[in-house]
Amino acid sequence: MTSPSPHPGSPARSRFPVVVVGAGPAGLTVGNVLRAAGVDCLVVEAESREFIERRPRAGVIEEWAVRALEQRGLAGDLTARAQRHTECEFRFDGRAHRFGYAELTGRHHWVYPQPLLVTDLVREYADVRGGQIRFGVRDVRLHDLDSDRPAVSYTDPDSGERHWVHCDFVAGCDGARGASRDALPERARISRHDYGIGWLALLAEAPPSSDCVLFGMHPHGFAGHMARSPEVTRYYLQCPAGDDPARWPHERVWDELRQRLHAAGRPPLTEGRLLEKRVLDMHNYVVEPMVFGRLFLAGDAAHLVAPIAAKGMNLALNDAFLLGDGLAAYLTKGDATGLDGYSDACLRRVWDYQEFSQWLSEIYHGTSSGDPYRAGTTLARLRRLFTSPAAAAAFAEQYLGTAAAR
């Protein structure tokens with residue numbers, strides 16, 4: 001919970017208009033937007049710079065998000081290096097079904113691993129735009145959030161000294177286990193949905209086996225294939241929630257991937273050494289509202305969408321654009337419109353993506369549910385995508401995130 005700040009005579013005190021807690025895509029984007037507007041801010045991050053630039057995370061970015069990054073001068077490396085995707089492929093009943101969403105909508109996806117985006121954003125914020133950032137801080141706490149003089153305190157990892165930073169606003173961008181969530185009042189409402197399944201997340205030192213994302217629906221469970229680079233591929237395998245990655249040795253992993261992603265007429269998977277194995281328990285949550293006094297939540301601190309729909313980084317960026325622009329407008333022009341409408345504007349897209357994740361989960365996992373009725377309705381939905389132009393157009397809009405922008 002939030003706590004009162006110390007007496008004004010306390011040592012190691014400073015002031016910034018905004019303190020951003022967390023240096024992920026949301027926090028760094030907010031920081032960059034503020035610096036571009038001439039607003040000073042401080043970013044505090046519990047991990048090292050090296051860690052956040054290497055932390056493995058998803059890499060699918062929707063076109064609207066890339067355009068918004070471009071408008072803010074934050075997409076130079078992304079558009080030069082990212083892979084442009086225009087199709088995906090569903091594999092079920094032993095056959096491959098291509099879905100050309102760019103043909104339907106004129107829109108596409110970009111594949112750019114989050115560590116690369118974070119590297120770009122932190123370089124732009126700290127090295128180019130001169131933003132202040134403190135890495136490796138300990139015991140971050142938020143204070144006086146319901147007053148007009150909130151503060152953030154932290155312990156310096158080198159000196160052990162306690163620092164207090166007063167500000168006008170706190171941007172809470174430090175995820176589900178950070179100080180921002182710890183500071184939420186009892187009136188915060190957290191809605192949660194557990195899917196009751198896990199995904200074994202894998203990174204393989206192997207070239208992609210297809211030129212597009214693959215979704216395999218199989219009685220054994222879901223499997224996914226997503227290119228990360230010319231040399232590395234991300235795979236997913238549905239597994240029991242809480243499963244132990246040690247139960248998935250190399251041979252078992254590739255045997256299941258071959259079975260679940262098999263399709264007549266398609267080449268075999270290119271196998272390689274497994275660089276990463278971890279189990280992700282599939283669940284979603286939403287915090288409402290996303291504003292508590294002078295604390296504005298963004299990214300995973302406010303909501304989580306399981307990787308089922310590859311929406312998490314896009315939601316974080318949407319929050320950051322709205323919050324950065326709103327803070328800049330208020331602090332430079334006195335215009336509170338963006339801040340006043342921030343929570344409602346964010347939550348419209350958040351709930352849209354939550355619903356799509358839930359719908360897509362049934363597509364991915366219905367055939368392996370053990371329930372013949374669910375399996376039958378799942379196959380009916382899949383067939384409809386390839387026989388009904390209206391169903392295909394509706395799916396493409398949700399898959400690309402274009403419907404949520406309306």
Side-chain angles (χ1 to χ4, degrees), residues 23-37 43 45 49-89 100-103 105-131 133 173 203-214 225-234 270 272 275-276 299 307 310-322 324-325 396 399-402 405:
L28 291 169
T29 300
V30 170
N32 273 299
V33 171
L34 292 174
R35 292 298 302 134
V43 177
E45 167 58 48
R49 181 169 180 170
E50 180 181 29
F51 180 88
I52 67 167
E53 291 181 347
R54 295 185 178 183
R55 177 168 44 195
R57 288 293 187 271
V60 176
I61 309 181
E62 293 167 350
E63 186 178 356
W64 64 265
V66 173
R67 300 306 172 215
L69 287 168
E70 283 183 318
Q71 292 169 8
R72 294 162 173 82
L74 300 173
D77 284 354
L78 189 161
T79 52
R81 300 167 59 191
Q83 301 173 43
R84 185 173 178 269
H85 282 222
T86 60
E87 299 178 303
C88 59
E89 186 170 290
Y101 48 84
E103 292 181 8
T105 65
R107 305 293 179 88
H108 55 270
H109 277 127
W110 298 91
V111 174
Y112 194 61
Q114 181 172 311
L116 297 183
L117 180 62
V118 167
T119 298
D120 297 344
L121 292 173
V122 73
R123 181 179 64 246
E124 184 69 23
Y125 173 75
D127 304 336
V128 177
R129 299 184 181 183
I133 189 165
C173 309
L203 272 182
E205 192 176 45
S209 299
S210 173
D211 60 353
C212 70
V213 174
L214 305 179
H225 161 288
M226 294 88 178
R228 283 294 174 263
S229 74
E231 300 83 22
V232 175
T233 304
R234 167 71 75 187
T270 303
L275 305 174
E276 174 191 282
K311 298 291 190 181
M313 183 159 58
N314 297 285
L315 279 181
L317 290 172
N318 185 62
D319 295 347
F321 300 143
L322 292 172
D325 291 346
Y399 188 60
L400 291 162
T402 55

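None of the values given here were measured: they were computed from a predicted structure.
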Are the side chains of D77 and L116 in touch, meaning some heavy atoms are under 4.5 Å apart? no

In short, A227 meets V111 closest at the heavy-atom pair O-CG1, 3.2 Å

Would you indicate whether R55, at its atom CZ, is surrounded by more than 12 heavy atoms from other residues, nucleotides or ligands within a distance under 6.0 Å? yes

Quick one: does P207's side chain get under 4.5 Å of T233's, heavy atoms only? no

I'd like to know if the side chain of Y125 reaches the main chain of V30, judged simply by a donor and an acceptor atom lying under 3.5 Å from each other, with no hydrogens or angles considered. no

Do the side chain of N318 and the main chain of N314 share a donor and acceptor less than 3.5 angstrom apart? no

Excluding sequence neighbours, so at least two apart, what forms side-chain hydrogen bond (donor to acceptor under 3.5 Å, both in side chains) with R67? E63, E70

List in chain and number order the residues that pass side-chain hydrogen bond (donor to acceptor under 3.5 Å, both in side chains) with Y112, two or more places apart in sequence or in another chain; answer none if no residue qualifies. D120

Heavy-atom side-chain proximity of R49 to I133 below 4.5 angstrom: no

Sub-4.5 Å side-chain heavy-atom contact between E62 and L400: no

Of all the heavy-atom pairs spanning A316 and A26, show the shortest one and how long it is. O-CB, 3.8 Å

More than 12 heavy atoms of other residues, nucleotides or ligands under 6.0 Å from CZ of R123: is that the case? yes

Is it the case that atom CD in E103 sees more than 12 heavy atoms from other parts of the structure closer than 6.0 Å? no

Over 12 foreign heavy atoms within 6.0 Å of CZ, R84: no

T119 side, atom OG1; E53 side, atom CD - distance, nearest 0.5 Å: 4.0 Å

Rounded to the nearest 0.5 Å, how far apart are CD1 of I52 and CD of Q114? 10.0 Å

Tell me every residue that passes ring-ring contact (aromatic ring centres under 6.0 Å, His included) with H225, counting only those two or more places apart in sequence or in another chain. Y235

As an exercise, state the distance from SG of C212 to CD of Q83, rounded to the nearest 0.5 Å. 11.5 Å

Tell me the closest heavy-atom pair linking F321 and A65, and the distance in Å. CZ-O, 3.8 Å

Non-hydrogen atoms of A23 and V43 that approach each other most closely: CB-CG1, 4.0 Å

Under 4.5 Å between any side-chain heavy atoms of N32 and R72, yes or no? no

Check whether any side-chain heavy atom of M313 sits under 4.5 Å from a side-chain heavy atom of V60, and report yes or no. no

When you compare the side chain of L121 with that of E124, does any pair of heavy atoms fall below 4.5 Å? no

Taking all non-hydrogen atoms of both residues into account, name the closest pair between T105 and A396 and its distance. CG2-CB, 3.7 Å

Quick one: pull up CG in L28 and CG in L317 and give me the separation to the nearest 0.5 Å. 10.5 Å

Is there a donor-acceptor pair under 3.5 Å between the side chain of R35 and the backbone N or O of R129? yes

In short, P230 meets P208 closest at the heavy-atom pair O-CD, 3.6 Å

Side-chain donor/acceptor of T270 to backbone N/O of S209, under 3.5 Å: no

Taking the side chain as C-beta and beyond, is there a heavy-atom pair between Y399 and H109 under 4.5 Å? yes

